[in-house]
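Take a look at the structure set out below.
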Amino acid sequence: MGSYLNPGSGRFRGSLRSQIYVDKTGLIARLNAWLFTEQKYVCVSRPRRFGKSMAADMLAAYYDCGEDTSALFDGLAVSQCETYREHLNQYDVIKINMQEFLSATRSMPEMLGMLQKYVRFDLLERFVQIHFRDEQNLVQMMKDIYAKTQRPFIVLIDEWDCLFREYAHDTQAQRQYLDFLRAWLKDKDYVALAYMTGILPIKKYGSHSALNMFTEYSMIDPGDLSPFFGFTEDEVRALCVEYQMNFEEAKAWYDGYGLAVHSRAGRKVFSMYSPKSVVEAMLRHKFGPYWNQTETYEALKVYIQLNFDGLKDAVIAMLAGESVRINTGTFANDMTTFTGKDDVLTLLVHLGYLTYNGEKEEVSIPNKEVSQEYVNAISTMNWPEVTRAVENSRRLLQALWDMDADTVAAGIDRAHEEIAILQYNDENALSCAIHLAFFFAREYYTIVREFPAGKGFADICFIPRKLHADKPAAVIELKWDLSAAGAIAQIHEKRYGDALKEYHGNLLLVGINYDRATKKHSCRIERVDK
């Protein structure tokens, strides 16, 4: 057992001993199918604290020929795979965490020199019987080993992209790094599988495609690896049952990442949850912003305050619950090369601050936890009008509960006047204004737009989550240049209340109208007991 060659199963054993372990060994079955094929080069990018390192530790424990780990895997999902025994403990594994070498050196030549030196040391210690052509050449040593043993290597690289985050502006160092990986891995018979994981997809350098042999699985296009990017909804539901936590609340806090899988059977969307957040919530028996605590809001603030036309408007719209259409194709897969707002928003998808709908080519803020991070960042920026709208939303929600229609109308007036993006031209703009004005309602409600009801659609519906059953539900009908009374009449006419037939409690019917002549809102509220 070496530090980098056949590192053993210690870290994976630690995961198995943890109070909460969610079985992701199905990933191994997928990778087994790609061994020795054109698909043997795999790059998986996903946000921090989404289980990247645990996956690398799991793969090392499974493939490592240095020990028998059947006792670890026999009871896990991969043991039901036809290729389970065929590949278990059959390979020499090289496992590298690039952050370790980057942090210990001061230049790219020094980093790559240290990495090769340390791996060569492990190879020399392990293969003492082999007479090497050149003990200073890592690639040649691995060729010599494969020629003698006919046992190929599994190469696992964790935090592969750390250089692009910490040497963000050093393009020469980045090219040196990519060229090293290409020379080490591309078209090498000694590679059975090369698996890299990080936050960013592989860097694009125009015609310089150093690592074009890799198939990429990312937050933009996760392919059929979607179930292994985070916790699935079924996994979170099971944990909520085990730990007696409210699943509906867990969904509001941590769901929102929709990852699509396309196959012959059709398209299926997985709801992905942040593993870090879910585990912390279960163990602490309290929902909270745990993923955010691993990095300050300053990381988000750096990007959303960039001076690109339309970026601020897009962020405000998403904070109000809207989705924003983007083009992800111009993103250069780094953290500095931005040609417009779409590149910034694409980066935020990879960082986990947005979720991407590939079918609609739209992005949105995924959940309550991440939404709070935007509020934290904006509160320290020169966006006072947005901060005021969010702060005022607490008072506006209380006014709704109090059935104070005049205060509700005045509050929406303020949101409209202060936020430049909300220049009304249709009911969609009115809906955006109301969502931002009622931002704090997410604390208690599942908020649904165009809620299916009776003969048509209610524009907005506030459905109290079970932990907040003391709050009234609300059906809100929006009108444009008509009347609030007419909106209430339409709610009654279309029997919108029937859509909440499973809900028992107070129900507020809310009609809101915007008058273009006076540029004011009017509101009417009625209570219905269900």
Side-chain angles (χ1 to χ4, degrees), residues 11-28 46-58 61 71-80 222 225-259 268-295 352-353 355 365-373 376 441-448 463-471 502-505:
R11 293 182 64 87
F12 183 58
R13 288 177 186 272
S15 296
L16 291 174
R17 286 193 297 267
S18 298
Q19 186 172 337
I20 293 178
Y21 169 74
V22 174
D23 186 351
K24 292 294 180 179
T25 59
L27 173 63
I28 298 172
R46 46 184 163 171
R48 57 190 165 83
R49 305 311 298 269
F50 268 71
K52 298 187 295 294
S53 296
M54 193 284 288
D57 296 336
M58 175 185 72
L72 300 182
F73 291 97
D74 279 351
L76 299 178
V78 69
S79 65
Q80 304 303 309
L225 297 188
S226 294
F228 313 112
F229 268 59
F231 286 175
T232 66
E233 187 157 292
D234 288 343
E235 290 164 347
V236 175
R237 193 185 299 273
L239 286 172
C240 286
V241 171
E242 180 180 353
Y243 285 87
Q244 298 182 319
M245 295 288 282
N246 184 278
F247 171 71
E248 188 182 27
E249 203 69 16
K251 187 175 181 67
W253 270 96
Y254 310 124
D255 187 17
Y257 299 99
L259 301 187
K268 182 178 180 180
V269 177
F270 283 85
S271 287
M272 185 186 74
Y273 292 67
S274 161
K276 166 68 175 177
S277 301
V278 172
V279 168
E280 290 291 338
M282 298 301 117
L283 295 181
R284 296 172 185 240
H285 214 72
K286 177 184 177 183
F287 295 108
Y290 302 113
W291 178 70
N292 299 355
Q293 293 174 4
T294 65
E295 189 170 277
Y353 290 112
T355 184
I365 298 174
N367 53 48
K368 178 179 174 181
E369 179 181 41
V370 178
S371 182
Q372 184 57 51
E373 195 73 348
N376 293 341
R442 304 172 203 192
E443 188 75 18
Y444 308 98
Y445 294 100
T446 296
I447 302 177
V448 182
I463 307 173
R465 299 193 295 274
K466 289 182 180 179
L467 289 185
H468 311 290
D470 59 317
K471 307 301 182 187
E502 301 298 326
Y503 170 77
H504 299 284

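- In this structure, P275 and G230 approach most closely via the heavy-atom pair CG-CA, 3.9 Å.
- Remark: E280 CD to R49 CZ distance equals 7.5 Å, nearest 0.5 Å.
- In this structure the side chain of P366 never reaches within 4.5 angstrom of the side chain of Y254, judged on heavy atoms.
- Listed by chain and number, the residues in a side chain to side chain donor-acceptor pair (under 3.5 Å) with E235 are K24, T232 (sequence neighbours excluded).
- The two atoms that bring R46 and A55 nearest to each other are NH2-CB, 3.6 Å, heavy atoms only.
- Taking both residues in full, the closest heavy atoms of A250 and V236 are given as CB-CG1, 4.2 Å, listed atom of the first, atom of the second, then distance.
- A heavy-atom distance below 4.5 Å is not found between the side chains of I20 and V278.
- Legend: residues meeting side-chain contact (heavy atoms from CB on, under 4.5 Å) with A441, ordered by chain and number and at least two apart, are L397, F438, Y445, I447, F462.
- Looking at residues two or more places apart in sequence or on another chain, you find no side chain to side chain donor-acceptor pair (under 3.5 Å) involving N367.
- M245 contributes atom CE, which lies 10.0 Å from atom CG of L283 (distance to the nearest 0.5 angstrom).
- In this structure, NE2 in H468 is found 6.5 Å from CD in E443, a value given to the nearest 0.5 Å.
- Scored by the side-chain contact (heavy atoms from CB on, under 4.5 Å) test, Q244 finds H285 as partners (sequence neighbours excluded).
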Worked check of side-chain contact (heavy atoms from CB on, under 4.5 Å) between V279 and Y290: CA-CA 9 Å; V279 168; Y290 302 113; over 6 Å; no
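- Here CE of M54 is found 9.0 Å from CG of L27. Values are rounded to the nearest 0.5 Å.
- Take R465 and apply the salt bridge (Lys or Arg N to Asp or Glu O under 4.0 Å) test, not counting sequence neighbours, and it matches E249.
- Listed here is the closest heavy atom pair of C240 and F247: SG-CA, 3.7 Å.
- Shown here are the side-chain contact (heavy atoms from CB on, under 4.5 Å) partners of R13, two or more places apart in sequence or in another chain: S9, R17, E67, L72.
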side-chain contact (heavy atoms from CB on, under 4.5 Å) between S371 and R442, worked out: CA-CA 10 Å; S371 182; R442 304 172 203 192; 3.5 Å; yes
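- Taking every heavy atom of both residues into account, F287 and A281 meet most closely at CD2-CB, 4.0 Å.
- Residues passing the salt bridge (Lys or Arg N to Asp or Glu O under 4.0 Å) test with D255, sequence neighbours excluded: K251.
- Between the CZ atom in F50 and the OG atom in S277 there is a gap of 7.0 Å [rounded to 0.5 Å].
- For Y353 and W291, the gap between ring centers is short of 6.0 Å.
- When the ring pair (Phe, Tyr, Trp, His ring centres under 6.0 Å) test is applied to F12, the partners found at least two apart in sequence or on another chain are F73.
- In this structure E248 satisfies the side chain to side chain donor-acceptor pair (under 3.5 Å) test with no other residue, sequence neighbours excluded.
- By the salt bridge (Lys or Arg N to Asp or Glu O under 4.0 Å) test, K471 pairs with no residue at all, sequence neighbours left out.
- Under the rule for a side chain to side chain donor-acceptor pair (under 3.5 Å), the partners of Q372 that lie at least two apart in sequence or sit in another chain are N376.
- In this structure A77 satisfies the side-chain contact (heavy atoms from CB on, under 4.5 Å) test together with D23, T25, sequence neighbours excluded.
- Between L76 atom CG and L16 atom CG the span is 6.0 Å, to the nearest 0.5 Å.
- In this structure, Y273 and L239 have side chains that are not in contact, with every pair of non-hydrogen atoms separated by 4.5 Å or more.
- What you find for M272 and F229 is that their closest heavy atoms are SD-CB, 3.3 Å.
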